[in-house]
Amino acid sequence: MKVDAPTFRERVHAIARAIPRGRVITYGQIALLAGRPRGGREVGWIAHAGGAGIPWQRVVNRSGGVARGFSGGREGHSRALRRDGIRVGPEGRVDLKRYLWWPDARIRKRLRLS
DNA sequence: CGTATGACGAGCC
DNA sequence: AGGCTCGCCATAC
């Protein structure tokens, strides 16, 4: 059966849903995977628009920083990450060396990503 | 339709 | 390392 090509927003949602508990990904990475190398800002407002059942707290910026516009502000974002078992520093930063996630080949294939 | 805005990123200092 | 500037690009107004 023929299916329409997924929109950028749908790809972003699919990727965000695939992030495992205890790991994080960056806006830029999602944009790249979804086929828009400089679309970090877009991913940001897609995240801000929300989406039921999507663990947006696992999406952080390039510096590992939490989002100002998260529900509950930076504090809210930090709390949500800690509930995921992720350590968040006093400046609202996570250690990317430790928590950054990259989808493996199998997942990329399943989601039809680059 | 021109301007402003922003859950971003890379580069420079 | 951390702060600034500039580029990016869909939306909002």
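Computed from heavy atoms alone, side chains included, the values below leave out hydrogens, waters and symmetry copies. On a predicted model such as this, the values are computed, not experimentally measured, just so you know. Here is the naming used below: chain letters follow the sequence lines, and residue numbers restart at 1 for every chain.
- The structure places CG of Asn61(A) at 7.5 Å from CZ of Arg93(A), a figure rounded to the nearest 0.5 Å.
- Using a 4.0 Å heavy-atom cutoff across all strands shown, Gly40(A) reaches sugar-phosphate atoms only and no base atom.
- The side chain of Thr26(A) sits closest to dG9(B) out of dA7(B), dG9(B), dT11(C).
- Aromatic ring orientation, His77(A) versus Phe70(A): parallel (interplanar angle below 30°, classes split at 30° and 60°).
- Computed from coordinates, the Leu96(A) CG to dA1(C) P distance equals 12 Å when rounded to whole Å.
- Using a 4.0 Å cut-off between charged nitrogen and carboxylate oxygen, Asp84(A) and Arg58(A) count as a salt-bridge pair.
- When distances run from any side-chain atom of Trp56(A) to the nucleotides dA10(C), dG9(B), dA7(B), the shortest one goes to dA7(B).
- Taking atom CZ of Arg74(A) as the reference point, atom P of dG6(B) lies 14 Å away to the nearest angstrom.
- Of all nucleotides listed (dG9(B), dG7(C), dA10(C)), dG7(C) comes nearest to the side chain of Arg41(A).
- Atom P of nucleotide dT11(C) and atom CD1 of Ile46(A) are separated by 8 Å, given to the nearest angstrom.
- Counting to the nearest Å, the P atom of dA7(B) and the NE2 atom of His48(A) are 6 Å from each other.
- Atom CZ in Phe8(A) sits roughly 10 Å away from atom P in dA10(C) (whole-Å rounding).
- In this structure, the CZ atom of Arg62(A) is 24 Å from the P atom of dG6(B), given to the nearest Å.
- Protein atom CG of Asn61(A) is 13 Å distant from nucleotide atom C1' of dG6(B), rounded to whole Å.
- Closest of all the heavy-atom pairs between Phe8(A) and Gly39(A) is CZ-O, 4.5 Å.
- The separation between Glu42(A) atom CD and dG6(B) atom C1' is 12 Å, rounded to whole Å.
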